[in-house]
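What follows is a short report on a single structure.
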Amino acid sequence: MRERIAETLGDVHWSDLRAHIARGAVIIVDDALDLLDVGVALAKNDVPTVDAWIRAGKLQKPTTEDLTRWSLDASTRFLAAIVQPFVLIRRPAAKVLS
(Lines give C-alpha, C1' and ligand atoms only; values in the text may rest on other atoms or scores of the structure.)
Protein backbone atom coordinates (compact mmCIF):
# COMPACT_ATOMS: atom_id res chain seq x y z
CA MET A 1 0.00 0.00 0.00
CA ARG A 2 2.79 2.43 0.93
CA GLU A 3 4.43 1.82 -2.46
CA ARG A 4 1.18 2.56 -4.31
CA ILE A 5 0.77 5.83 -2.42
CA ALA A 6 4.44 6.69 -3.03
CA GLU A 7 3.81 6.37 -6.78
CA THR A 8 1.32 9.27 -6.51
CA LEU A 9 3.72 11.49 -4.55
CA GLY A 10 4.88 14.59 -6.39
CA ASP A 11 4.77 18.33 -6.85
CA VAL A 12 1.57 19.89 -8.11
CA HIS A 13 0.56 23.44 -9.01
CA TRP A 14 -2.26 25.30 -7.32
CA SER A 15 -4.34 24.95 -10.47
CA ASP A 16 -4.09 21.15 -10.21
CA LEU A 17 -5.74 21.26 -6.78
CA ARG A 18 -8.72 23.51 -7.53
CA ALA A 19 -11.17 20.75 -8.45
CA HIS A 20 -10.17 18.73 -5.39
CA ILE A 21 -10.57 21.75 -3.13
CA ALA A 22 -14.01 22.41 -4.61
CA ARG A 23 -15.12 18.93 -3.53
CA GLY A 24 -13.54 19.27 -0.08
CA ALA A 25 -10.97 16.53 -0.67
CA VAL A 26 -7.72 18.38 0.13
CA ILE A 27 -6.09 17.76 3.50
CA ILE A 28 -3.07 19.71 4.71
CA VAL A 29 -0.53 17.49 6.47
CA ASP A 30 1.71 19.08 9.10
CA ASP A 31 5.45 19.04 8.37
CA ALA A 32 5.99 16.93 11.51
CA LEU A 33 4.19 13.98 9.87
CA ASP A 34 5.42 11.81 7.03
CA LEU A 35 3.05 12.23 4.08
CA LEU A 36 3.21 8.53 3.25
CA ASP A 37 2.53 7.49 6.86
CA VAL A 38 -0.59 9.65 6.81
CA GLY A 39 -1.64 8.19 3.48
CA VAL A 40 -1.28 4.63 4.78
CA ALA A 41 -3.23 5.45 7.94
CA LEU A 42 -6.07 6.94 5.86
CA ALA A 43 -6.07 4.03 3.42
CA LYS A 44 -6.21 1.52 6.28
CA ASN A 45 -8.97 3.54 7.97
CA ASP A 46 -6.84 3.83 11.14
CA VAL A 47 -9.41 6.00 12.90
CA PRO A 48 -7.62 6.37 16.28
CA THR A 49 -4.39 7.59 14.67
CA VAL A 50 -6.06 9.90 12.15
CA ASP A 51 -8.38 11.27 14.83
CA ALA A 52 -5.41 12.01 17.11
CA TRP A 53 -3.68 13.91 14.29
CA ILE A 54 -6.83 15.91 13.61
CA ARG A 55 -7.27 16.79 17.29
CA ALA A 56 -3.60 17.83 17.46
CA GLY A 57 -4.07 20.11 14.42
CA LYS A 58 -1.66 18.06 12.31
CA LEU A 59 -4.30 17.32 9.66
CA GLN A 60 -6.64 20.05 8.55
CA LYS A 61 -8.63 21.42 5.67
CA PRO A 62 -7.37 24.58 3.94
CA THR A 63 -8.76 27.76 5.44
CA THR A 64 -10.33 30.57 3.46
CA GLU A 65 -7.13 32.54 4.11
CA ASP A 66 -5.02 29.68 2.69
CA LEU A 67 -7.16 29.49 -0.44
CA THR A 68 -7.04 33.24 -0.99
CA ARG A 69 -3.25 33.38 -0.55
CA TRP A 70 -2.62 30.41 -2.81
CA SER A 71 -4.90 31.70 -5.55
CA LEU A 72 -2.94 34.96 -5.74
CA ASP A 73 0.17 33.17 -7.00
CA ALA A 74 -0.40 30.67 -9.80
CA SER A 75 3.17 29.39 -9.39
CA THR A 76 2.47 28.07 -5.88
CA ARG A 77 3.53 24.41 -5.72
CA PHE A 78 2.64 21.70 -3.25
CA LEU A 79 4.01 18.30 -2.42
CA ALA A 80 1.00 16.02 -2.76
CA ALA A 81 -0.03 12.38 -2.48
CA ILE A 82 -3.33 10.84 -3.50
CA VAL A 83 -5.28 8.53 -1.22
CA GLN A 84 -8.70 8.26 -2.83
CA PRO A 85 -10.85 10.20 -2.33
CA PHE A 86 -8.35 12.58 -0.69
CA VAL A 87 -5.38 14.60 -1.83
CA LEU A 88 -2.82 15.11 0.94
CA ILE A 89 -0.65 18.20 0.62
CA ARG A 90 2.12 20.01 2.42
CA ARG A 91 1.57 23.70 3.08
CA PRO A 92 3.92 25.55 0.67
CA ALA A 93 6.91 27.29 2.18
CA ALA A 94 6.37 30.99 2.87
CA LYS A 95 7.94 33.15 0.21
CA VAL A 96 10.56 35.58 1.42
CA LEU A 97 10.09 39.12 0.16
CA SER A 98 13.30 40.92 -0.68
Side-chain angles (χ1 to χ4, degrees):
M1 183 177 308
R2 186 177 181 86
E3 293 80 24
R4 280 187 280 148
I5 296 168
E7 290 173 2
T8 72
L9 189 66
D11 285 340
V12 297
H13 288 281
W14 161 246
S15 59
D16 299 325
L17 294 175
R18 287 185 181 158
H20 303 290
I21 286 174
R23 64 183 179 85
V26 173
I27 299 172
I28 301 170
V29 177
D30 188 91
D31 290 340
L33 299 177
D34 180 277
L35 211 54
L36 294 178
D37 289 344
V38 173
V40 169
L42 281 171
K44 289 185 172 182
N45 199 26
D46 183 349
V47 174
T49 301
V50 173
D51 191 47
W53 288 333
I54 292 169
R55 283 192 320 272
K58 295 189 181 294
L59 297 181
Q60 55 189 271
K61 297 283 188 165
T63 65
T64 302
E65 181 181 305
D66 289 329
L67 300 176
T68 300
R69 184 175 51 255
W70 298 340
S71 68
L72 294 175
D73 184 357
S75 69
T76 301
R77 296 181 62 85
F78 302 82
L79 179 61
I82 299 170
V83 180
Q84 291 290 344
F86 302 106
V87 178
L88 307 175
I89 65 168
R90 287 267 187 242
R91 200 176 287 280
K95 295 189 179 189
V96 178
L97 301 175
S98 3

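Source: prediction; values computed, not measured.
Of the possible polar contacts, none joining the R90 side chain to the I28 backbone as a donor-acceptor pair under 3.5 Å is found.
I21 is not connected to F86 by any chain of hydrophobic side-chain contacts under 4.5 Å among Ile, Leu, Val, Met, Phe, Trp and Tyr, and they are in different clusters. Using a 4.5 Å cut-off between side-chain heavy atoms of Ile, Leu, Val, Met, Phe, Trp and Tyr, with links allowed through other members, W70 and L79 fall into different hydrophobic clusters. Taken together through direct or relayed side-chain contacts under 4.5 Å among Ile, Leu, Val, Met, Phe, Trp and Tyr, I82 and I5 form parts of separate hydrophobic clusters.
Take T63 and apply the side-chain hydrogen bond (donor to acceptor under 3.5 Å, both in side chains) test, not counting sequence neighbours, and it matches D66. Considering only residues two or more places apart in sequence or on other chains, E65 meets the side-chain hydrogen bond (donor to acceptor under 3.5 Å, both in side chains) condition with R69. For T49, the side-chain hydrogen bond (donor to acceptor under 3.5 Å, both in side chains) partners two or more places apart in sequence, or in a different chain, are D46. In terms of the salt bridge (charged side-chain N to carboxylate O under 4.0 Å, His left out) criterion, R23 has no residue partners (sequence neighbours excluded). Taking the salt bridge (charged side-chain N to carboxylate O under 4.0 Å, His left out) definition, one finds that D30 meets it with nothing, sequence neighbours left out. Every residue meeting the salt bridge (charged side-chain N to carboxylate O under 4.0 Å, His left out) condition with R2, not counting sequence neighbours, appears here in chain and number order: D34, D37.
The two residues A25 and P85 have their closest heavy-atom pair at CB-O, 3.3 Å. When all heavy atoms are compared, the tightest approach of P62 to L67 is CB-CD2, 3.7 Å. Of all heavy-atom pairs between H13 and S75, the closest is ND1-O, 4.3 Å.
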Decide side-chain contact (heavy atoms from CB on, under 4.5 Å) for W53 and V38; before the verdict, give the C-alpha distance in whole Å, the side-chain angles of both, and the deciding distance to 0.1 Å.
CA-CA 9 Å; W53 288 333; V38 173; 3.7 Å; yes
Just do the side-chain contact (heavy atoms from CB on, under 4.5 Å) check on V40 and V83 with the steps written out, would you?
CA-CA 8 Å; V40 169; V83 180; over 6 Å; no
Check the pair I27 / I89 against side-chain contact (heavy atoms from CB on, under 4.5 Å), numbers first and verdict last.
CA-CA 6 Å; I27 299 172; I89 65 168; over 6 Å; no
Could you walk me through whether V87 and L17 pass the side-chain contact (heavy atoms from CB on, under 4.5 Å) test, one step at a time?
CA-CA 8 Å; V87 178; L17 294 175; 3.8 Å; yes
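For NZ of K61, the number of neighbouring non-hydrogen atoms (other residues, nucleotides, ligands) closer than 6.0 Å is greater than 12.
Put simply, CG on D73 and OG1 on T76 are 4.0 Å apart, with the number rounded to the nearest 0.5 Å. Taking CE of M1 as the start and CG of L42 as the end, the distance is 10.5 Å to the nearest 0.5 Å. With rounding to the nearest 0.5 Å, the separation of CZ in R77 from CG in D11 is 4.5 Å.
Between F78 and W14, the ring planes are tilted. Angles from 30° to 60° get that label.
For the side chain to side chain contact (heavy atoms under 4.5 Å, CB included) with L88, the qualifying choice from T8, L9, L35 is L35, the only one to do so.
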